[in-house]
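In what follows, every heavy atom counts, from backbone to side chain, and hydrogens, waters and symmetry copies are set aside.
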Amino acid sequence: MKLLSFIDTHILNFWYTAPSERLWAYLATLPVLLLIIDGLAQLTK
């Protein structure tokens, strides 16, 4: 749970959003995470 809290805090700080706007911060971060996951998948092929 500490890791999730750490990630949550950093996402909110990165987008300079209030905790009430958490959903928008996560939606904005999702494409970046998908690119990272895709890149890792390409490296392991």
Q | Leu12 to Pro19 - nearest heavy-atom pair and separation | A | CD1-CA, 4.1 Å

Q: Assess whether side chain to side chain contact (heavy atoms under 4.5 Å, CB included) is satisfied between Thr44 and Leu40, documenting all intermediate values.
A: CA-CA 6 Å; Thr44 58; Leu40 289 174; 5.5 Å; no

Q.
Would you say that Tyr26 contacts Ile11 through its side chain, given a criterion of any heavy-atom pair below 4.5 Å between the two side chains?
A. yes

Q | Side chain Thr29, main chain Ala25, donor-acceptor under 3.5 Å | A |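 Confirmed, Thr29 side chain pairs with Ala25 backbone.
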
(Q) Going by salt bridge (charged side-chain N to carboxylate O under 4.0 Å, His left out), name the pairs with one or both residues in residues 13-36, residues two or more places apart or in two chains. (A)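 For residues 13-36, and leaving out neighbouring residues, the salt bridge (charged side-chain N to carboxylate O under 4.0 Å, His left out) pairs sorted by first residue read Asp8-Arg22.
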
Q | His10-Phe14 aromatic ring centre distance below 6.0 Å | A |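 Between His10 and Phe14, the centre distance exceeds or equals 6.0 Å.
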
